[in-house]
Amino acid sequence: MVNFSLEGKVALVTGGAYGIGLAIAQALAEAGAKIVFNCSRQETVDRGLKAYKELGIEAKGYLCDVTDEAAVKAMIADIETTIGTVDILVNNAGIIKRIPMEEMEVDDFRKVIDIDLVGPFICAKAVIPGMIKKGHGKIINICSMMSELGRETVSAYASAKGGLKMLTRNICSEYGEHNIQCNAIGPGYIATEQTAPLRELQPDGSRHPFDSFIISKTPAARWGVPEDLMGPAVFLASDASNFVNGHILYVDGGILAYIGKQPK
Ligand code: NAP
Ligand code: GCO
């Protein structure tokens, strides 16, 4: 029988306090997993703890910056002794800076790469030894449309998310023989706080031009919602995907398949 159950598994969702991370963690919890999450600011950890409580999910939250290797190692060691080996890692924590490239400070570029690409490397590196010892593991990286496509102002983010696609394939290549599956979810344009500036109403009450643009570029003709990522996350975290490795599962309402609406 196909097995989507996560009963008895421990899942760490980085940045899982709200938005995509929270929805994915909720889905993993509903499938039976114990949830742990971390954020770099205490106010976000507290926000996450409140959100899980409201959902009736018992979750442990850590104050931990994914770019700080010593802090990540200490968090993983604490999870291993207090809860158990991390069976599922979701590398969800991320930031974006929308700045035209010629105006972007190198420090801003580095910061995005550090959180969105080096962070997943640090977290994966920290959980892999425990997964090898246990004989299995699932790593799910949160990629993006920008793992495939470019656009104005997101040079750092696209570089990081393109790199994360290749880190996904490399972890698969390097650790597949240890029964570790490393796959990615590439969400399309999802209505969260990160994309709120792209959906803000205009002073005259009309839609933001980028909002209309995205709807016209999406065959589903709508923005995604975090709940759209729940099923794909459970699939990639469960035994149902044990022979799926190094794959980027785009959950984009069809954006990458579509040339765009033809002019009337
Ligand atoms: P978001 O606003 O990007 O939330 C990010 C979370 O990451 C927050 O909880 C934040 O908490 C945490 N975080 C940021 N920097 C961190 C760090 N250095 N260490 C630990 N945690 C950190 O929310 P989202 O839109 O749900 O995005 C989640 C992920 O999906 C991101 O990787 C994003 O790039 C990706 N994504 C989003 C979309 C979309 O359309 N929304 C589409 C594709 C991919 P703190 O600030 O407290 O650290
Ligand atoms: C942007 C957006 C995107 C999305 C997402 C697309 O400014 O173009 O923020 O990058 O957040 O990653 O999949």
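All heavy atoms count here, side chains included; hydrogens, waters and symmetry mates do not. All ligand and atom numbering here is 1-based and tracks the order in the structure.
- Contact residues for ligand 2 (protein heavy atom closer than 4.0 angstrom to any ligand atom): Ile96, Arg98, Ser144, Met145, Met146, Arg151, Val154, Tyr157, Pro187, Gly188, Tyr189, Gln194, Thr195, Leu198.
- Of the options Gly21, Gly48, Ala93, the smallest heavy-atom separation from atom 22 (C) of ligand 1 is shown by Ala93.
- Between the side chains of Ser241 and Lys138, a donor-acceptor pair is found at a separation under 3.5 Å.
- Between Lys34 and Asp87, none of the side-chain N atoms (NZ, or NE/NH1/NH2) sits under 4.0 Å from a carboxylate O, so this pair counts as no salt bridge.
- The line from CD1 of Ile88 to CG of Leu236 is 10.5 Å long, rounded to the nearest 0.5 Å.
- The aromatic ring centres of Phe37 and Tyr18 sit 6.0 Å or more apart.
- Comparing Ser40, Pro120, Gly16 against atom 45 (P) of ligand 1, the shortest heavy-atom distance belongs to Ser40.
- Between Val72 and Cys64 there is a side-chain heavy-atom pair separated by less than 4.5 Å.
- Contact annotation for Glu193 and ligand 1: no heavy atom of the residue comes within less than 4.0 Å of the ligand.
- Between Arg207 and Asp211 there is a salt bridge, since at least one side-chain N of the basic residue sits less than 4.0 Å from a carboxylate O of the acidic one.
- Judged by the shortest distance from any of its heavy atoms, Cys64 lies inside the 4.0 Å radius around the atoms of ligand 1.
- Ion pairing between Asp78 and Lys60 holds under the 4.0 Å rule for side-chain N and carboxylate O.
- For the pair Lys161 and ligand 1, a heavy-atom separation below 4.0 Å is found.
- Considering each of Ala191, Gly94, Cys143, the one bringing a non-hydrogen atom nearest atom 5 (C) of ligand 1 is Gly94.
- The ligand atoms of ligand 1 that sit less than 4.0 angstrom from a heavy atom of Thr195 are 39 (C), 40 (O), 41 (N).
- More than 12 non-hydrogen atoms from other residues, nucleotides or ligands lie less than 6.0 angstrom from CZ of Arg98.
- No side-chain N or O of Glu177 forms a donor-acceptor pair with one of Asn179 less than 3.5 Å apart.
- Of the N or O atoms in Ile95, none lie within a sub-3.5 Å distance of an N or O in ligand 1.
- A salt bridge between Lys50 and Glu54 is present, with a side-chain N of the basic residue lying under 4.0 Å from a carboxylate O of the acidic one.
- At a heavy-atom distance under 4.0 Å, no atom of Pro226 approaches ligand 1.
- With hydrogens and angles left out, the side-chain atoms of Asn92 and Thr14 include no donor and acceptor closer than 3.5 Å.
- By heavy-atom distance, the residue among Val112, Ile115, Ile185 lying nearest atom 15 (N) of ligand 1 is Ile115.
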Passes ring-ring contact (aromatic ring centres under 6.0 Å, His included), Phe109 versus Tyr157? Steps please.
CA-CA 8 Å; Phe109 189 92; Tyr157 186 78; over 10 Å; no

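- Ligand 1 is never approached by Gly186 to a heavy-atom distance shorter than 4.0 Å.
- Ligand 1 has no atom lying under 4.0 Å from any heavy atom of Phe37.
- Below 3.5 Å of separation, one finds an N or O of Gly15 facing an N or O of ligand 1.
- Against a heavy-atom cut-off of under 4.0 Å, Ile142 is close to the following atoms of ligand 1: 30 (O), 35 (C).
- Between Tyr189 and Thr218 the shortest side-chain heavy-atom distance does not fall below 4.5 Å.
- The parts of Asn92 lying near ligand 1 are both backbone and side chain, judged by heavy-atom distances below 4.0 Å.
- Judged by distance alone, the side chain of His178 and the main-chain N or O of Ile180 form no donor-acceptor pair under 3.5 Å.
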In sequence, state the C-alpha distance, the side-chain angles, and the governing distance for Val244 and Phe235, and then conclude on side chain to side chain contact (heavy atoms under 4.5 Å, CB included). CA-CA 10 Å; Val244 180; Phe235 169 62; 4.0 Å; yes

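- Ligand 1 has no N or O atom lying under 3.5 Å from any N or O atom of Thr67, backbone or side chain.
- Taking every non-hydrogen atom of Gly188 and a distance limit under 4.0 Å, the qualifying atoms of ligand 1 come out as 40 (O), 42 (C), 43 (C).
- In terms of polar-atom proximity, defined here as any N/O pair under 3.5 Å, Ile20 does make such a contact with ligand 1.
- For the pair Asp65 and ligand 1, the shortest N or O to N or O distance falls below 3.5 Å.
- Comparing Tyr189, Tyr157, Tyr18 by heavy-atom distance to atom 36 (N) of ligand 1, the nearest is Tyr157.
- Residue Thr192 touches ligand 1 through its side chain alone, judged by heavy-atom distances below 4.0 Å.
- Ligand 1 has an N or O atom lying under 3.5 Å from an N or O atom of Thr44, backbone or side chain.
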